[in-house]
Amino acid sequence: MMLFFNQNAGYTIGIDLGVNYAFGILTDLKGNVIEQDEVVITDTDEEIVFAQLKDLTQRLIDKTPACRYGIVGIGIGVPGMINNDGLILFAPNLDWHNVHLKQYMEKYFNVPITIENEAKAGAHGEKIYGAGRSSSNLIYVSLGIGIGSGIIIEDKLYKGTSGISGEIGHFSIESNGRKCRCGNKGCWELYSSELALLEKTAPLFPNEENVNLSFLY
């Protein structure tokens with residue numbers, strides 16, 4: 001019997017949560033992007049961000065084409081340490097501690113919700129759809145406001161015992177360096193991240209509250 005995979009039988013939603021934005025996509029079951037939307041985050045208070053994520057998700061759901069199964073899952077990448085149960089243990093650049101985003105989203109959307117570190121999600125995506133498709137082992141480095149990484153070993157995402165492997169942005173590169181929000185000193189992302197670049201270039205733009213880094217991309 002010949003079978004045909006109906007990629008339009010259902011849809012999924014993926015959201016990339018940054019420090020100052022949230023970008024969402026609606027995809028079919030093969031990962032093709034159908035719709036996209038974005039919100040600007042100006043206040044990282046968790047209740048405010050949660051409400052913005054809920055509204056962003058609902059807008060994408062409202063754009064879902066008619067299909068048999070509707071939305072079958074939602075995945076959210078977060079710039080922080082996530083344990084194996086989806087609890088956001090610590091997101092230093094958002095100033096979040098033990099945040100239950102998964103439970104919040106499950107209250108409003110009756111589908112499986114996956115919360116993952118954004119760099120690990122990126123590594124998984126590159127392995128399935130991108131530059132890592134032909135590699136069984138790879139390291140994906142995410143360089144933005146902070147620095148993170150995702151590790152693929154023998155075709156599988158490596159998360160470590162507690163689920164927080166790959167936090168290279170908080171490796172100390174200067175033993176008596178600057179104090180980081182994570183509590184450590186001399187963390188790599190204090191010197192090499194997008195935020196570090198903004199801080200270095202701020203004196204060149206004394207009249208600008210926010211320097212646009214779009215020229216880098």
Side-chain angles (χ1 to χ4, degrees), residues 1-89 91 94 96 98-133 140 142 144 148 150 152 155-159 163:
M1 179 183 295
M2 295 186 67
L3 300 176
F4 172 76
F5 177 68
N6 182 4
Q7 66 195 56
N8 297 316
Y11 293 84
T12 65
I13 290 174
I15 296 177
D16 174 25
L17 173 62
V19 176
N20 51 15
Y21 73 92
F23 179 73
I25 58 172
L26 175 73
T27 76
D28 64 22
L29 298 181
K30 277 193 173 181
N32 298 308
V33 177
I34 308 300
E35 296 282 353
Q36 62 185 48
D37 202 344
E38 187 171 9
V39 296
V40 175
I41 294 174
T42 57
D43 188 331
T44 59
D45 178 83
E46 63 183 77
E47 291 187 4
I48 294 174
V49 176
F50 281 16
Q52 288 184 291
L53 293 176
K54 178 172 72 72
D55 292 345
L56 175 61
T57 301
Q58 188 60 57
R59 291 202 300 272
L60 291 169
I61 290 174
D62 292 341
K63 297 176 182 178
T64 304
C67 60
R68 182 173 182 179
Y69 297 108
I71 299 296
V72 298
I74 298 170
I76 304 175
V78 178
M81 301 176 186
I82 318 295
N83 71 9
N84 291 322
D85 297 320
L87 173 66
I88 303 171
L89 299 172
L94 292 169
W96 286 1
N98 296 318
V99 172
H100 296 271
L101 177 58
K102 178 181 173 69
Q103 287 86 336
Y104 174 88
M105 295 294 283
E106 286 175 340
K107 286 193 304 183
Y108 295 97
F109 307 105
N110 188 30
V111 297
I113 307 288
T114 298
I115 309 296
E116 185 56 274
N117 171 269
E118 54 85 22
K120 290 184 178 65
H124 186 64
E126 288 293 339
K127 172 59 187 171
I128 297 176
Y129 299 109
R133 284 178 290 182
Y140 171 98
S142 171
I152 301 291
D155 296 315
K156 296 181 180 180
L157 180 65
Y158 176 74
K159 300 178 67 172

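For reference, positions follow the sequence shown, starting with 1.
The local environment of NZ in Lys63 is crowded, with over 12 non-hydrogen atoms from other residues, nucleotides or ligands closer than 6.0 Å. With a 6.0 Å radius and a threshold of 12 heavy atoms from other residues, nucleotides or ligands, Asp62 has its CG atom above the threshold.
At least one side-chain heavy atom of Ile128 sits under 4.5 Å from a side-chain heavy atom of His124. Side-chain contact between Lys120 and Lys159 is present, with at least one heavy-atom pair separated by less than 4.5 Å. Within the 4.5 Å cutoff, side-chain heavy atoms of Phe109 are placed close to those of Ile61. Two residues are said to be in side-chain contact when any heavy atoms from C-beta on lie closer than 4.5 Å; Pro65 and Leu26 meet this criterion. Residues Gln58 and Asp55 fail the side-chain proximity criterion, which asks for heavy atoms closer than 4.5 Å. Val40 places none of its side-chain heavy atoms less than 4.5 Å from the side chain of Asn20. Counting only heavy atoms from C-beta outward, the side chains of Glu116 and Val78 never approach each other to under 4.5 Å. Between Tyr104 and Lys54, the closest side-chain pair of non-hydrogen atoms falls below 4.5 Å.
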| request: Show the numbers, then the answer: is there a side-chain contact (heavy atoms from CB on, under 4.5 Å) between Ile71 and Thr64? | output: CA-CA 8 Å; Ile71 299 296; Thr64 304; 3.5 Å; yes
| Yes or no on side-chain contact (heavy atoms from CB on, under 4.5 Å) for Ile88 and Ile115, after CA distance, side-chain angles and deciding distance? | CA-CA 8 Å; Ile88 303 171; Ile115 309 296; 4.2 Å; yes
| task | Applying side-chain contact (heavy atoms from CB on, under 4.5 Å), run through Met105 and Ile76 and close with a yes or a no. | result | CA-CA 10 Å; Met105 295 294 283; Ile76 304 175; 4.0 Å; yes
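Across every non-hydrogen atom of Glu46 and Val99, the tightest pair is OE1-CG2, 3.6 Å. What you find for Ala91 and Pro79 is that their closest heavy atoms are CB-O, 3.6 Å. Here the closest non-hydrogen pair linking Leu60 and Gly24 is CD1-C, 3.8 Å. Minimum heavy-atom separation, Thr44 to Leu94: OG1-O, 3.5 Å.
Remark: Arg59 CZ to Glu35 CD distance equals 12.0 Å, nearest 0.5 Å. Note: Asp28 CG to Gln7 CD = 4.5 Å, rounded to the nearest 0.5 Å. Note that CD1 of Ile41 is 10.5 Å distant from CD1 of Ile48, once rounded to the nearest 0.5 Å. Between the CZ atom of Phe50 and the OH atom of Tyr108 there is a distance of 10.5 Å, given to the nearest 0.5 Å. In this structure, CD on Glu38 lies 8.5 Å from CD on Gln36, to the nearest 0.5 angstrom. Put simply, CG on Leu53 and CG on Leu101 are 6.0 Å apart, with the number rounded to the nearest 0.5 Å.
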Donor-acceptor pairs under 3.5 Å, side chain of residues 8-19 to any protein atom, not counting sequence neighbours: which ones?
unit_1 : atom_1 : unit_2 : atom_2 : d
Asn8   : OD1    : Tyr11  : OH     : 3.4
Thr12  : OG1    : Thr27  : OG1    : 2.6
Asp16  : OD2    : Tyr21  : OH     : 2.7

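Under the side chain to side chain contact (heavy atoms under 4.5 Å, CB included) criterion, Asn98 pairs with Leu87, Leu89, sequence neighbours left out.
Gln52 places no side-chain N or O within 3.5 Å of a backbone atom of Ala22 that could act as its donor or acceptor partner. Panel note: side chain Trp96, backbone Gly80; no donor-acceptor pair is recorded below 3.5 Å. For Lys102 (side chain) and Ile113 (main-chain N/O), a donor-acceptor pair under 3.5 Å exists by modelled atom type.
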